[in-house]
Colleague: 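Mind looking over this structure? Questions follow.
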Number of protein chains: 2
Amino acid sequence: MNAPPPDDLETLARVEPAVAEEADGRRRRGNATRESILQAAADLASVEGLEGLTIGRLATELGMSKSGLFAHFGSKEELQLATIEAARRRFVEHVVKPSRELPRGRERVEQLMRDWLGYYRNEVFAGGCFFHTVKAEFDSRAESPVRQVVTDDAREFIAFLTREVSKAQQAGDLDASVDAAQVAFELDALGAAAHQHYQLMHDPAVFDRAETAIHTRLETLASGS
Amino acid sequence: MNAPPPDDLETLARVEPAVAEEADGRRRRGNATRESILQAAADLASVEGLEGLTIGRLATELGMSKSGLFAHFGSKEELQLATIEAARRRFVEHVVKPSRELPRGRERVEQLMRDWLGYYRNEVFAGGCFFHTVKAEFDSRAESPVRQVVTDDAREFIAFLTREVSKAQQAGDLDASVDAAQVAFELDALGAAAHQHYQLMHDPAVFDRAETAIHTRLETLASGS
DNA sequence: CCTACCGATCGGTAGG
DNA sequence: CCTACCGATCGGTAGG
């Protein structure tokens with residue numbers, strides 16, 4: 001029960017195949033070590049970016065040797081890509097999943113936006129949202145595998161918001177004559193701005209401002225029902 | 001004629017005192033070198049951030065020796081602070097000044113937003129907007145002189161937007177019962193989102209999306225006149 | 001403005 | 001998972 005519909009979650013959370021377990025538990029211990037490295041890496045990168053995430057610093061923080069940590073990944077790029085996946089898991093857990101329990105419609109969109117703002121307010125990553133940091137870091141850099149994953153995730157989140165707006169329109173909650181992608185752009189803009197201001201000024205009043213703007217916008221789109 | 005009113009511009013552009021000129025022109029040459037260094041630094045930092053802006057790389061790009069360039073500033077932090085001032089001059093020229101020729105009111109607000117979006121579209125800095133890059137870079141770092149200047153500039157821009165909205169309200173163009181700071185927050189959010197999406201996806205259609213959102217929002221605030 | 005350095009740190013490797 | 005390295009690059013200095 002309460003199993004989320006598979007459509008959105010699978011694209012956003014790209015489930016890794018489970019790794020076969022060794023009899024002595026070595027593999028499980030290795031995976032647990034790897035995951036704890038990656039969660040620390042995601043927090044560090046949410047502050048310093050994925051380039052500022054250095055292997056030496058991460059190793060010191062975890063009480064490991066540099067080469068011991070390095071052996072888990074093989075290259076810095078592999079570490080960066082694995083860190084993005086770990087951060088995605090945390091994001092899905094806090095922002096995407098909770099509102100899945102509500103029926104499709106305006107209420108679900110509003111809950112999703114509240115969860116998103118709450119995730120900012122609670123600083124689920126050490127430096128605010130991991131994804132805002134890395135989007136800004138890679139947005140004007142040359143193409144690379146890391147940049148590609150970052151843009152794919154950004155597109156996916158906007159597409160996810162767009163689908164939720166569409167569903168609310170289909171449910172008769174929002175004016176269906178307005179482009180759902182346009183509304184999703186505006187909602188994304190308000191969330192991102194709240195995050196940016198909060199990280200910079202530490203004033204939680206910005207969340208009220210964002211909620212007001214979201215509510216006002218959705219009110220103008222409310223179908224007479 | 002066409003001299004901009006001093007109120008907003010001086011706070012945003014913090015005019016440096018003119019340096020006394022030496023008879024042999026050495027000082028002028030020195031200042032010109034310094035400014036060309038800083039403009040290159042601002043472009044580099046708009047891509048790589050103010051930490052990624054390394055003295056060695058900047059020197060190579062300008063065909064100077066590292067220590068020759070370094071001598072102009074004395075520390076990396078001084079270079080970073082001077083680079084922010086140079087970037088501010090460029091921003092004011094492209095975004096703040098042009099709409100000053102229009103009378104206060106809704107038209108001026110809309111022109112300001114068009115100039116801002118045009119500045120993004122034209123990639124006036126090599127990596128999009130210098131200020132978005134450095135805001136994201138420093139937003140979750142520890143306090144420092146550089147971070148302080150970055151937040152001051154961010155506050156100043158929001159305050160500037162807020163004043164322009166207020167003036168449009170006073171001119172009777174926009175509903176005066178809505179909080180001007182709330183409207184400024186929303187306008188800032190839409191501009192910043194357009195920048196982010198454009199840098200990441202290279203799709204200029206996002207500017208139409210932003211303009212549509214800005215226009216729609218201001219229409220809901222239009223006083224019946 | 002230059003050459004020639006400094007100690008620290010970077011990503012990565014050798015060998016165990 | 002470790003110690004012990006590597007060449008490159010960092011910010012910064014000495015001396016001119």
Side-chain angles (χ1 to χ4, degrees), chain A residues 19 22 24-42 44-45 47-84 134 137-138 141-142 144-147, chain B residues 19 22 24-42 44-45 47-84 134 137-138 141-142 144-147:
Chain A
V19 178
E22 311 259 324
D24 61 2
R26 221 187 317 147
R27 179 74 65 133
R28 187 182 49 219
R29 218 163 42 242
N31 281 347
T33 301
R34 191 184 146 97
E35 184 65 16
S36 70
I37 291 171
L38 290 176
Q39 290 300 333
L44 220 175
V47 176
E48 307 284 347
L50 279 168
E51 294 298 333
L53 167 71
T54 71
I55 295 162
R57 198 168 151 185
L58 185 56
T60 302
E61 195 170 287
L62 291 162
M64 294 173 68
S65 71
K66 228 176 69 173
S67 65
L69 190 153
F70 190 80
H72 281 273
F73 305 100
S75 75
K76 177 155 186 188
E77 186 175 290
E78 285 303 318
L79 169 63
Q80 291 174 323
L81 292 169
T83 299
I84 294 173
V134 302
E137 185 182 10
F138 284 90
R141 300 243 175 116
S144 71
V146 172
R147 199 198 121 98
Chain B
V19 177
E22 309 260 324
D24 62 1
R26 222 186 316 147
R27 179 74 63 132
R28 188 183 49 220
R29 220 165 37 245
N31 281 346
T33 301
R34 191 184 145 96
E35 184 65 16
S36 70
I37 291 171
L38 290 176
Q39 291 300 333
L44 220 174
V47 177
E48 307 284 348
L50 279 168
E51 295 298 331
L53 168 70
T54 71
I55 294 163
R57 198 168 152 183
L58 185 57
T60 303
E61 197 171 285
L62 291 162
M64 294 174 70
S65 72
K66 226 176 69 172
S67 65
L69 189 151
F70 189 80
H72 281 272
F73 305 99
S75 74
K76 178 157 185 187
E77 186 175 290
E78 285 303 318
L79 169 63
Q80 291 174 323
L81 292 169
T83 299
I84 295 173
V134 302
E137 186 181 11
F138 285 90
R141 300 244 176 116
S144 71
V146 172
R147 198 197 122 97

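Note on naming: letters A, B, ... go to the chains in the order of the sequence lines (proteins, then strands), and numbering restarts at 1 for each one.
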Colleague: So what is the 5' to 3' dot-bracket string for DNA chain C, if pairs are Watson-Crick or G-U wobble with both distances under 3.5 Å, crossing pairs use [ ] and | means the partner sits on another strand?
Modeller: ||||||||||||||||

Colleague: To the nearest 0.5 Å, what is the distance between CG on B/L69 and CD on B/E61?
Modeller: 10.5 Å

Colleague: Round to the nearest Å and state the distance from B/R34 atom CZ to C/dC1 atom C1'.
Modeller: 16 Å

Colleague: List the atom of B/Q80, the atom of B/V146, and the distance in Å for their closest heavy-atom pair.
Modeller: OE1-CG2, 3.6 Å

Colleague: Treating primed atoms plus P, OP1 and OP2 as sugar-phosphate and everything else as base, which nucleotides of nucleotides 9-16 of chain D get B, S or - for protein heavy atoms under 4.0 Å?
Modeller: -SBBB---

Colleague: Going by heavy atoms in the side chains, are A/F138 and A/E51 under 4.5 Å from each other?
Modeller: yes

Colleague: Quick one: closest heavy-atom pair of B/S36 and B/L62, and the distance?
Modeller: O-CD2, 4.4 Å

Colleague: Run the numbers on B/T83 and B/L44 for side chain to side chain contact (heavy atoms under 4.5 Å, CB included), then give the verdict.
Modeller: CA-CA 10 Å; B/T83 299; B/L44 220 174; over 6 Å; no

Colleague: Check whether any side-chain heavy atom of A/E137 lies under 4.5 Å from a side-chain heavy atom of B/E137, and answer yes or no.
Modeller: no

Colleague: For A/F73 and A/E78, work out which heavy atoms get closest and say how close.
Modeller: O-CB, 3.4 Å

Colleague: Check whether any side-chain heavy atom of B/L50 lies under 4.5 Å from a side-chain heavy atom of B/I84, and answer yes or no.
Modeller: yes

Colleague: Select one nucleotide: of D/dC1, C/dC1, D/dC2, the one nearest the side-chain heavy atoms of A/S65.
Modeller: D/dC2

